[in-house]
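Only one structure is covered here, and it is reproduced in the block below.
All values below were derived from every heavy atom in this structure, side-chain atoms included, with hydrogens, water molecules and symmetry-related copies excluded.
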There are 2 protein chains.
Amino acid sequence: MSDTSLAGDLRRRIIAGEFAPGERLSEAALAARLDVSRNTLREAFRALAQHGLVEHVPNRGVSVASPTTADVVDIYRARRQIECGVLRDASPLHPGVAAMRQEVERAEAAVEQGDWATVGTANMAFHRALVSLSDSPRLERAHEQLSAELRLAFLAIADFESLHRPFVTRNRAVLDALVDEGPEAAAAELERYLTESERRILGAYARLGRA
Amino acid sequence: MSDTSLAGDLRRRIIAGEFAPGERLSEAALAARLDVSRNTLREAFRALAQHGLVEHVPNRGVSVASPTTADVVDIYRARRQIECGVLRDASPLHPGVAAMRQEVERAEAAVEQGDWATVGTANMAFHRALVSLSDSPRLERAHEQLSAELRLAFLAIADFESLHRPFVTRNRAVLDALVDEGPEAAAAELERYLTESERRILGAYARLGRA
DNA sequence: GGACCCGCATTGTTCAACAATCGTTGCCAC
DNA sequence: GTGGCAACGATTGTTGAACAATGCGGGTCC
């Protein structure tokens with residue numbers, strides 16, 4: 001997915017929460033830890049910075065991105081635009097619908113076992129599959145970037161259960177609406193989903209006393 | 001706009017057509033020409049690659065991107081999704097509308113003087129201003145990437161007059177529709193614009209016998 | 001307490017070298 | 001002539017060390 005395996009590796013580590021959002025990433029220290037040269041690491045940083053996963057301030061190094069409330073609001077505005085738009089133009093017969101169903105079922109199974117991390121990744125995979133209905137690599141790429149940033153917000157909040165559990169049934173509702181009632185109804189359902197999800201994150205941010 | 005000034009510099013050079021689309025960019029040669037180190041240049045390459053401006057194939061270096069017909073189709077699909085969606089939600093009272101009008105007038109003035117390069121940049125600036133109506137940095141960023149790639153398609157075709165002249169009046173029509181008839185009518189007008197523009201590029205590609 | 005200055009740590013950039021990989025060229029057998 | 005095969009050359013990938021440039025914090029002086 002990423003050019004250098006190093007960038008992909010770092011990306012995975014960040015998304016996995018190995019580095020806290022906002023944490024400063026020292027070139028020398030990280031290069032030593034990953035056993036790569038500083039120059040190679042800097043190349044990877046440039047790639048990640050364009051993804052919005054790390055923030056790069058000239059002469060002050062890079063930190064793991066830490067979305068502010070303004071960022072969250074913007075991410076959801078963009079998500080609404082992309083996901084709802086895609087869904088409105090989507091066909092219920094698109095092969096990607098099977099992938100959506102698969103992720104919903106994976107999430108439902110994970111809920112049974114209280115595995116909230118898996119619930120979260122399945123939820124996000126559901127929306128990735130949703131965007132894949134557009135058959136547009138560029139829309140998928142844009143959405144992928146939004147998801148990565150959003151994941152950092154989830155990490156900052158850490159309460160996976162309250163962030164992800166309520167949305168399994170909502171994802172199921174979107175899927176059912178698409179199959180049974182058509183794209184327009186599904187888009188409306190999705191819009192409700194996104195509004196609710198955004199509200200919940202902002203609420204958690206407020207409780208954390210966060211910018 | 002870009003982190004390192006070098007990446008921005010390269011970006012400007014590529015967009016200005018200093019390097020032909022598809023041209024291979026040798027690290028050693030370009031580093032010498034720009035009077036920077038190979039390492040620094042490689043960092044800039046990584047940033048540009050994520051923008052879609054250059055293509056990076058491991059062990060085979062980077063080339064200036066050269067959109068295929070499939071790319072053009074995808075770019076327009078994404079543009080339609082983003083631009084039309086933004087316009088539908090836009091208010092005619094948004095300050096960005098003034099910027100749109102300014103660009104339309106700049107394009108109209110350039111048409112008078114036969115300055116097709118300026119017509120082209122004004123047309124693209126019009127659409128950037130249009131997306132700015134969303135007040136969403138992330139949507140603007142995504143759109144900016146699409147524009148940069150599209151510009152490479154324009155460069156490959158080179159016939160600026162036939163690519164840009166017909167669309168000045170269409171941009172004007174979109175603006176007028178937004179102000180006089182509201183967002184929905186403007187979005188419909190914009191959709192016609194995009195369809196026509198896409199058709200014209202694909203036609204030119206076909207005449208060039210291009211992939 | 002506030003402004004100024006200096007030193008320290010980190011980033012930015014360069015250079016030279018070597019390993020890894022790709023494409024090509026020339027050779028040989030068939 | 002054609003098809004594979006091996007060595008070569010060129011380019012990219014990565015490293016390590018060095019030095020310049022910048023930002024930050026501590027200390028001093030008023």
Side-chain angles (χ1 to χ4, degrees), chain A residues 1-14 18-68 141 148-149 152 211, chain B residues 1-14 18-68 141 148-149 152 211:
Chain A
M1 179 167 292
S2 289
D3 42 344
T4 314
S5 71
L6 177 61
D9 184 36
L10 256 179
R11 182 191 153 91
R12 255 171 281 124
R13 285 171 187 258
I14 292 174
E18 188 164 328
F19 307 97
E23 179 179 346
R24 174 95 168 275
L25 296 179
S26 156
E27 293 186 356
L30 195 55
R33 173 166 165 192
L34 298 180
D35 198 47
V36 294
S37 146
R38 246 185 83 211
N39 280 320
T40 310
L41 180 61
R42 283 171 61 88
E43 278 187 30
F45 277 168
R46 293 305 170 274
L48 292 177
Q50 298 296 330
H51 277 286
L53 257 173
V54 302
E55 196 179 355
H56 173 53
V57 184
N59 290 315
R60 257 191 282 173
V62 313
S63 328
V64 179
S66 182
T68 64
R141 185 179 65 177
E149 285 191 85
L152 295 177
Chain B
M1 178 169 295
S2 290
D3 42 348
T4 314
S5 70
L6 176 61
D9 183 38
L10 257 180
R11 185 190 151 91
R12 256 172 278 122
R13 284 171 188 258
I14 291 174
E18 188 165 326
F19 308 96
E23 180 179 346
R24 173 94 168 276
L25 297 177
S26 156
E27 293 186 359
L30 194 56
R33 173 166 165 194
L34 299 180
D35 199 47
V36 295
S37 144
R38 246 185 82 210
N39 280 321
T40 312
L41 180 61
R42 284 171 61 88
E43 278 188 30
F45 276 168
R46 293 304 170 274
L48 292 178
Q50 298 295 331
H51 277 286
L53 258 173
V54 302
E55 196 178 357
H56 173 52
V57 184
N59 290 312
R60 259 192 278 173
V62 313
S63 329
V64 179
S66 182
T68 64
R141 185 179 64 175
E149 285 192 86
L152 295 177

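- The backbone N or O of A:Ala148 sits nowhere less than 3.5 Å from a side-chain atom of A:Arg11 that would complete a donor-acceptor pair.
- For the atom pair CZ of B:Arg46 and CG of A:Leu48, the computed distance is 12.0 Å after rounding to the nearest 0.5 Å.
- Rounded to whole angstrom, the span from the CZ atom of A:Arg24 across to the C1' atom of C:dT10 amounts to 7 Å.
- Close to C:dT14, at under 4.0 Å from its OP1 or OP2, lies a side-chain N or O of B:Thr40.
- In this structure, A:Asp35 atom CG and D:dT15 atom C1' are separated by 11 Å, rounded to whole Å.
- Comparing B:Arg60 and A:Arg42 by the nucleotide of DNA chain C that holds the closest heavy atom to each, the one mapping nearer the 5' end is A:Arg42.
- Between the CD atom of A:Glu43 and the C1' atom of D:dT12 there is a distance of 10 Å, rounded to whole Å.
- Atom CD of A:Glu27 and atom P of D:dT15 are 14 Å apart (whole Å).
- Atom-to-atom, CG of B:Asn39 to C1' of C:dT11 comes out at 14 Å; the value is rounded to the nearest Å.
- Rounded to whole Å, atom C1' of C:dT11 lies 6 Å from atom CZ of A:Arg38.
- Between B:Arg46 and the phosphate of D:dG13, there is a side-chain N or O to OP1/OP2 separation shorter than 4.0 Å.
- Between atom CZ of residue A:Arg13 and atom CG of residue A:Leu53 there is a gap of 14.5 Å, rounded to the nearest 0.5 Å.
- Look at CG on A:Asn59: it is 5 Å from C1' on D:dT22, rounded to the nearest Å.
- Put simply, CG on A:Leu25 is 17 Å from C1' on C:dG12, counting in whole angstrom units.
- The one candidate from B:Leu30, B:Leu25, B:Val54 that meets the side-chain contact (heavy atoms from CB on, under 4.5 Å) condition with B:Leu10 is B:Leu30.
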